[in-house]
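Quick notes on the structure that follows.
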Amino acid sequence: MNSTLTADTTLADPQHPTHAPLTNSTTGLYRDITDLAHDAPHWLRTLADIGTEGGLLLLMALAVAAWWRARRGSAHQVALALLVPIATAVAYLLSEIIKSAVHEERPCRAVAGAAASLIPCPPHGDWSFPSNHSTIAAALAVGIALTWRTALWLALPIALLTGFSRIFVGVHYPHDVAAGLALGATAAVLCTALLSRPATHLVHRLRASNHRWQTLVQP
């Protein structure tokens, strides 16, 4: 963890365009948020540094809790819980594909005159659009909510704060986070819609097989 401000306001390499039409629309907001972060108390900067990774860990723990809660429920409930990590993996893969196509430089490297990032700026080639953290957070939060509706009130704020923390620490533009949240949520909804029925059938078959096996081995 590194909550020390590190100066990095180098302009992007002109041979590697940063897609100005995307970045220009939110560069001002990025500067405002990073200026706020620069002036924030030390404890808040430290909390943001922890939260940028900790939010994902909390959501993963909540996904496990959702599975534990659903494991003795209906086959459909179990299927929904099992689809959470699958949808999250699909969302992450899509975000990586988009990153490799867009090649948007990190704002902590591309925005001249912005406040220094709170954490080390990722190296050139670790592209910015969309935010992987935001994509994963949204996919987890939506998947959890589809499995355990009342958990939405906890999962959604964690996902939003995780996304915001990526701007606050200075490694993503606001549009990176917005796109990541939208991508993750969409991937979770579509994966659940497409896979819930076959997954439910699979759980039914596994339960039936397990029941037959227990019947055979019981004295």
Side-chain angles (χ1 to χ4, degrees), residues 1-13 16 18-20 22-62 88 91-92 94-96 98-100 102-142 154-185:
M1 178 175 65
N2 180 12
S3 58
T4 304
L5 296 180
T6 55
D8 190 348
T9 56
T10 307
L11 288 174
D13 185 340
H16 299 276
T18 61
H19 293 261
L22 283 175
T23 60
N24 286 346
S25 61
T26 58
T27 296
L29 183 56
Y30 169 80
R31 283 199 179 98
D32 291 341
I33 294 173
T34 52
D35 284 346
L36 177 66
H38 182 79
D39 296 332
H42 177 75
W43 66 265
L44 184 57
R45 298 200 304 269
T46 302
L47 183 63
D49 188 359
I50 296 172
T52 195
E53 302 293 343
L56 294 184
L57 294 177
L58 286 174
L59 288 168
M60 290 175 187
L62 195 56
T88 302
Y92 173 75
L94 290 173
S95 71
E96 282 295 302
I98 295 171
K99 275 180 181 287
S100 65
V102 174
H103 286 190
E104 179 190 79
E105 187 61 271
R106 296 278 180 165
C108 46
R109 193 173 306 281
V111 180
S117 57
L118 300 185
I119 61 175
C121 192
H124 176 73
D126 186 347
W127 308 114
S128 190
F129 181 88
S131 164
N132 279 342
H133 282 71
S134 301
T135 301
I136 294 170
L140 285 169
V142 171
L154 179 58
L156 181 59
I158 293 174
L160 293 176
L161 286 172
T162 299
F164 179 77
S165 73
R166 302 301 287 168
I167 311 169
F168 192 85
V169 299
V171 295
H172 277 293
Y173 292 101
H175 66 262
D176 298 337
V177 169
L181 292 172
L183 175 62

Legend entry - From NE2 (His103) to CH2 (Trp127), nearest 0.5 Å: 5.5 Å

Inset, instruction - Return the minimal non-hydrogen interatomic distance between Gly55 and Ile158, and the atom names on each side. - result: O-CG2, 3.5 Å

Inset, instruction - Under the salt bridge (charged side-chain N to carboxylate O under 4.0 Å, His left out) rule, collect the residues that match up with Arg106, sequence neighbours excluded. - result: Asp126

Inset, instruction - Could you tell me which non-hydrogen atom of His133 sits nearest to which non-hydrogen atom of Thr52, and how far apart they are? - result: CD2-O, 3.0 Å

Inset, instruction - Check whether any side-chain heavy atom of Ile98 sits under 4.5 Å from a side-chain heavy atom of Phe129, and report yes or no. - result: yes

Legend entry - Ser134: partners by side-chain hydrogen bond (donor to acceptor under 3.5 Å, both in side chains), with sequence neighbours left out: Ser131

Legend entry - Minimum heavy-atom distance between Gly170 and Thr34, given as atom pair plus value: CA-CG2, 3.9 Å

Legend entry - Ser117 side chain near Pro107 side chain, heavy-atom distance below 4.5 Å: no

Inset, instruction - Give, for atom OG1 of Thr46 and atom CH2 of Trp43, the distance between the pair rounded to the nearest 0.5 Å. - result: 10.0 Å

Inset, instruction - Indicate yes or no: at least one non-hydrogen side-chain atom of Asn132 is less than 4.5 angstrom from one of Tyr92. - result: yes

Legend entry - Interatomic spacing from CG in Asp32 to CG in Leu36 - rounded to 0.5 Å: 9.0 Å

Legend entry - From Leu47 atom CG to Ser165 atom OG, the distance as rounded to the nearest 0.5 Å: 9.5 Å

Inset, instruction - Verify, without hydrogens or angle tests, whether Tyr173 (side chain) and Leu29 (backbone) share a donor-acceptor contact under 3.5 angstrom. - result: no

Legend entry - Closest non-hydrogen atom pair between Pro174 and Tyr30, with its separation: CD-CB, 3.8 Å

Legend entry - Distance (rounded to the nearest 0.5 Å) between Ser128 OG and Arg166 CZ: 9.0 Å

Legend entry - Note, Ile119 side chain near Asp49 side chain (heavy atom, < 4.5 Å): yes

Legend entry - Glu104 side chain reached by Asp176 side chain, heavy atoms, under 4.5 Å: yes

Legend entry - Considering all heavy atoms, the nearest Leu140-Leu56 contact: CD1-O, 4.3 Å

Inset, instruction - Grab the two heavy atoms, one from Ala155 and one from Leu62, that are nearest each other, plus how far apart they are. - result: CB-CD2, 3.8 Å

Inset, instruction - Please round to the nearest 0.5 Å and tell me the distance separating atom OG1 of Thr135 and atom CG of Leu94. - result: 9.0 Å

